[in-house]
Amino acid sequence: MNNISPKVQNQLGMLQQIQQQLQTILQQKAQYEMAVREAKRAQEEISDAAEDAVMYMSVGTVMMQKKKEVINAKLVEKVETLELRIKSLEKQEKMLQGKFEQLQAQIKSALEGKGTPNAA
């Protein structure tokens, strides 16, 4: 491994950084997807409740009584915001995945290129 050129070593470092960034993005995306599922589940529960049902919403560290429409509107807004974030993360994921594959191919060809002069 010591006979790997500094350029390839640098590329390997970049590859590891991209891999870490991808893992972070995938973790964030999973968290947002879970939050969307929870919000949609809450919307389902609210839609099943009577119009005059007493409902509470968490506002910071306080639970406040709110009307059904207000809580539902907040949930709709939350889902829309989270879905936009998920789409943004998916774009970043695709971009990083492309960079990862390109860099991986460059490293592979550089390492295979090292072995060919001996065969020639």
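Nothing here was measured: the structure is a model prediction, and the numbers come from that model. The figures here come from the full heavy-atom set of this structure, side chains too, leaving out hydrogens, waters and symmetry mates.
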Novice: Determine yes or no for a side-chain-to-main-chain donor-acceptor pair under 3.5 angstrom, with Lys68 supplying the side chain and Met55 the backbone.
Specialist: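 Checked: no pair found.
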Novice: Could you tell me whether Lys40 and Glu83 have a side-chain N and a carboxylate O separated by less than 4.0 Å?
Specialist: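 Salt bridge flag = yes for Glu83 with Lys40.
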Novice: Is there a donor-acceptor pair under 3.5 Å between the side chain of Thr81 and the backbone N or O of Glu77?
Specialist: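 Yes, the answer is positive, given that a donor and an acceptor are paired below the 3.5 Å cut-off.
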Novice: If two hydrophobic side chains count as joined below 4.5 Å and joins carry through other members, does Met57 share a cluster with Val79?
Specialist: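 Hydrophobic grouping puts Met57 apart from Val79.
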Novice: Do Met14 and Leu111 sit in one hydrophobic cluster, given that two such residues count as connected whenever their side-chain heavy atoms are within less than 4.5 Å of each other, even indirectly?
Specialist: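 Cluster IDs for Met14 and Leu111 match.
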Novice: Linking Ile, Leu, Val, Met, Phe, Trp and Tyr through side-chain heavy atoms less than 4.5 Å apart, which residues share a cluster with Met63?
Specialist: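 ILVMFWY cluster around Met63 also holds Val54, Tyr56.
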Novice: If you look at every heavy atom in Gly60 and Ser58, which pair is closest and at what distance?
Specialist: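 Shortest heavy-atom contact: O-OG, 3.4 Å.
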Novice: Closest heavy-atom contact between Ile86 and Glu33?
Specialist: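 So the minimum-distance heavy-atom pair works out to CD1-CG, 3.6 Å.
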Novice: Which distance, rounded to the nearest 0.5 Å, do you find between the NZ of Lys99 and the CD1 of Ile18?
Specialist: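 These two atoms lie 6.5 Å from each other.
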Novice: Is the CE atom of Met95 crowded by more than 12 outside heavy atoms at less than 6.0 Å?
Specialist: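 Yes - once you tally the heavy atoms of other residues, nucleotides and ligands closer than 6.0 Å, there are more than 12.
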Novice: What pair of heavy atoms forms the shortest contact from Gln28 to Leu89, and how long is it?
Specialist: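 Closest heavy-atom pair between Gln28 and Leu89: OE1-CD2, 3.4 Å.
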Novice: Look at the side-chain heavy atoms of Ile, Leu, Val, Met, Phe, Trp and Tyr, link any pair under 4.5 Å apart, and say whether Ile46 and Leu82 land in one connected group.
Specialist: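 No; Leu82 is not reachable from Ile46 via cluster members.
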Novice: Do you know which two heavy atoms are closest between Leu15 and Leu103, and how far apart they sit?
Specialist: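 The pair with the smallest heavy-atom distance is N-CD2, 3.5 Å.
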Novice: Salt bridge between Arg41 and Glu45, side-chain N to carboxylate O under 4.0 Å?
Specialist: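 Here Arg41 pairs with Glu45 in a salt bridge, since their nearest N and O are under 4.0 Å apart.
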Novice: Hey, could you give me the NZ/CG distance between Lys7 and Leu12, rounded to the nearest 0.5 Å?
Specialist: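 One gets 12.5 Å once the value is rounded to the nearest 0.5 Å.
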Novice: Output all residues satisfying side chain to side chain contact (heavy atoms under 4.5 Å, CB included) with Gln16, sequence neighbours left out; order by chain, then residue number.
Specialist: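 Result, side chain to side chain contact (heavy atoms under 4.5 Å, CB included) vs Gln16: none returned.
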Novice: For the atom pair CG (Leu96) and CG (Leu26), what is the distance rounded to the nearest 0.5 Å?
Specialist: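 Here the interatomic distance stands at 9.5 Å.
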Novice: Do Phe100 and Val8 belong together in a cluster built from hydrophobic side chains that touch within less than 4.5 Å?
Specialist: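 Result: yes, single cluster for both.
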Novice: Is it the case that one hydrophobic cluster holds both Ile71 and Met64, taking links as side-chain heavy atoms less than 4.5 Å apart, direct or via other members?
Specialist: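 Same cluster.
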Novice: Work out which heavy atom in Lys78 is nearest to a heavy atom in Ala39; give both atom names and the distance.
Specialist: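 Reported closest heavy-atom pair: CD-CB, 4.4 Å.
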